[in-house]
Participant: 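My structure is below; once you've seen it, I'll send some questions.
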2 protein chains.
Amino acid sequence: MTLKYSRQREAIKDFLMTRKDHPTADVVYSNVRTEFPNISLGTVYRNLTLLADLGEIARLRVGDGVDHFDADTSPHYHFVCSDCGNVIDLDMDSIDYINQTAAKNFNGQITGHITYFYGLCPHCKEKKLKALS
Amino acid sequence: MTLKYSRQREAIKDFLMTRKDHPTADVVYSNVRTEFPNISLGTVYRNLTLLADLGEIARLRVGDGVDHFDADTSPHYHFVCSDCGNVIDLDMDSIDYINQTAAKNFNGQITGHITYFYGLCPHCKEKKLKALS
DNA sequence: ATATCTGCAAAATCTTTGCATTTAA
DNA sequence: TTAAATGCAAAGATTTTGCAGATAT
């Protein structure tokens with residue numbers, strides 16, 4: 001199972017790299033379709049899974065029942081807006097030490113954690129402030 | 001929309017309270033079915049959603065694509081075994097202050113976070129140790 | 001009496017997969 | 001040439017929903 005080049009796969013990854021908003025498979029599909037009108041949703045899913053397995057992209061599960069994808073595989077945290085659902089990168093210090101906190105009274109082995117924050121994104125917060133004034 | 005008593009709903013909640021392993025809707029269904037052989041999966045889902053909305057149970061999303069449910073609504077963290085998939089309660093100090101860490105360079109409003117830890121549960125860790133010795 | 005709840009089945013949503021064909025190497 | 005990738009459509013898995021009948025208040 002050697003990897004073989006595919007223009008579709010490259011287009012999928014290229015598209016993801018242009019976006020900072022962590023699109024879903026469906027969004028990837030409709031966008032890549034402007035370049036490859038015949039691409040199928042199955043191909044999009046297959047390639048997203050493949051790229052994620054290769055570690056070239058990250059699969060994000062933020063609890064909305066849909067997978068999001070991120071071309072930025074560097075360790076960072078995400079924020080999910082409770083109002084609009086947007087997923088935003090957070091520029092914050094590492095909190096990896098919470099693994100130690102969790103390990104204190106635990107007999108298993110903790111190798112990592114998944115964390116995302118929620119609340120109001122800057123845009124929705126502004127909107128709410130205006131509505132109240 | 002006043003709440004009306006239902007034996008099915010009570011059985012669902014009672015079952016959840018007997019379990020510490022955060023069952024899925026399907027597991028709830030097959031267990032409650034021993035008491036109510038005619039209960040439908042739809043009723044189970046409807047009541048789990050209702051109970052979660054009422055805050056009487058918690059809905060857990062740990063990234064495996066299936067919702068888990070927990071009768072323990074007190075704030076606590078969960079561990080998901082990467083090998084067996086089991087979801088275990090962690091007895092650990094609060095890490096709520098990570099909200100402040102996240103808020104530092106963020107213009108929106110952070111109201112909370114979702115965190116779960118992963119690695120090897122005590123049982124799978126033991127098994128792996130034995131296999132290597 | 002009547003609003004809520006149920007069982008059933010159908011549908012909705014998201015994702016995976018089988019297969020014949022195309023394509024990269 | 002041939003293993004991998006694609007498009008298409010069908011199937012899987014999980015969850016939601018419409019509706020007619022049952023049930024709690």
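Any value given below was found using the heavy atoms of this structure, including those in side chains, with hydrogens, waters and symmetry copies removed. Letters A, B, ... mirror the listed sequences (proteins, then strands); counts begin at 1.
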Participant: From CD of B:Glu10 over to P of C:dT6, roughly how many Å is that when rounded to an integer?
Facilitator: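 Distance check: B:Glu10 CD to C:dT6 P gives 12 Å.
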Participant: Would you say B:Leu51 and B:Arg9 make side-chain contact, with heavy atoms under 4.5 Å?
Facilitator: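 Yes. Closest side-chain heavy atoms under 4.5 Å.
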Participant: Would you mind reading off the distance between B:Lys4 atom NZ and C:dT4 atom P, rounded to a whole angstrom?
Facilitator: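 So the two atoms are 7 Å apart, to the nearest Å.
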Participant: Let me know the distance between CD1 of A:Ile39 and C1' of D:dA9, rounded to the nearest Å.
Facilitator: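 Interatomic distance, CD1 of A:Ile39 to C1' of D:dA9: 16 Å.
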Participant: Scan side-chain atoms only and decide if B:His22 and B:Asp89 contain a donor-acceptor pair under the 3.5 Å cut-off.
Facilitator: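 Side-chain D/A pair, B:His22 to B:Asp89: present.
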Participant: Can you sort out which residues in residues 23-30 of chain B have a heavy atom within less than 4.0 Å of DNA chain C? Ascending by number, please.
Facilitator: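 Result for residues 23-30 of chain B: none.
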Participant: Quick one: are A:Lys125 and B:Asn107 in side-chain contact, heavy atoms under 4.5 Å?
Facilitator: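 No - every pair of side-chain heavy atoms lies 4.5 Å or more apart.
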Participant: Can you tell me the distance, in whole Å, between the CZ atom of A:Phe36 and the P atom of D:dT6?
Facilitator: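 In whole Å, D:dT6 P and A:Phe36 CZ are 10 Å from each other.
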Participant: Check whether the side chains of B:Thr24 and B:Asp26 place a donor and an acceptor atom closer than 3.5 Å, and report yes or no.
Facilitator: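 Side-chain D/A pair, B:Thr24 to B:Asp26: absent.
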Participant: Counting only side-chain heavy atoms from C-beta out, which of C:dT6, C:dA24, D:dG7 sits nearest to B:Ser6?
Facilitator: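 Between C:dT6, C:dA24, D:dG7, the one nearest the side chain of B:Ser6 would be C:dT6.
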Participant: Give a yes-or-no answer on whether the side chains of A:Asp70 and A:His76 include a donor-acceptor pair shorter than 3.5 Å.
Facilitator: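 The criterion, which ignores hydrogens and geometry beyond distance, is satisfied for A:His76 and A:Asp70.
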Participant: Among residues 41-70 of chain A, which contact DNA chain D at a heavy-atom distance under 4.0 Å?
Facilitator: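 Within residues 41-70 of chain A, the residues near DNA chain D are A:Thr43, A:Arg46, A:Asn47.
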Participant: A:Asn86 and A:His123: side chain to side chain donor-acceptor pair (under 3.5 Å), yes or no, with the steps?
Facilitator: CA-CA 10 Å; A:Asn86 276 354; A:His123 180 254; over 6 Å; no
Participant: Salt bridge between B:Asp72 and B:Lys20, side-chain N to carboxylate O under 4.0 Å?
Facilitator: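 Answer for the salt bridge query: no.
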Participant: Any side-chain N or O of B:Thr2 below 4.0 angstrom from OP1/OP2 of D:dT25?
Facilitator: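 Answer is no, no contact under 4.0 Å.
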Participant: Whole Å only: how far is the CG atom of B:Leu3 from the C1' atom of D:dT25?
Facilitator: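 That distance rounds to 12 Å.
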Participant: Taking C-beta and beyond as the side chain, do A:Cys121 and A:Val80 meet within less than 4.5 Å on heavy atoms?
Facilitator: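 A:Cys121 does not reach A:Val80 side chain to side chain.
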Participant: What is the separation between atom CD on B:Gln8 and atom P on D:dA22, rounded to the nearest whole Å?
Facilitator: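 Rounded to whole Å, this separation is 14 Å.
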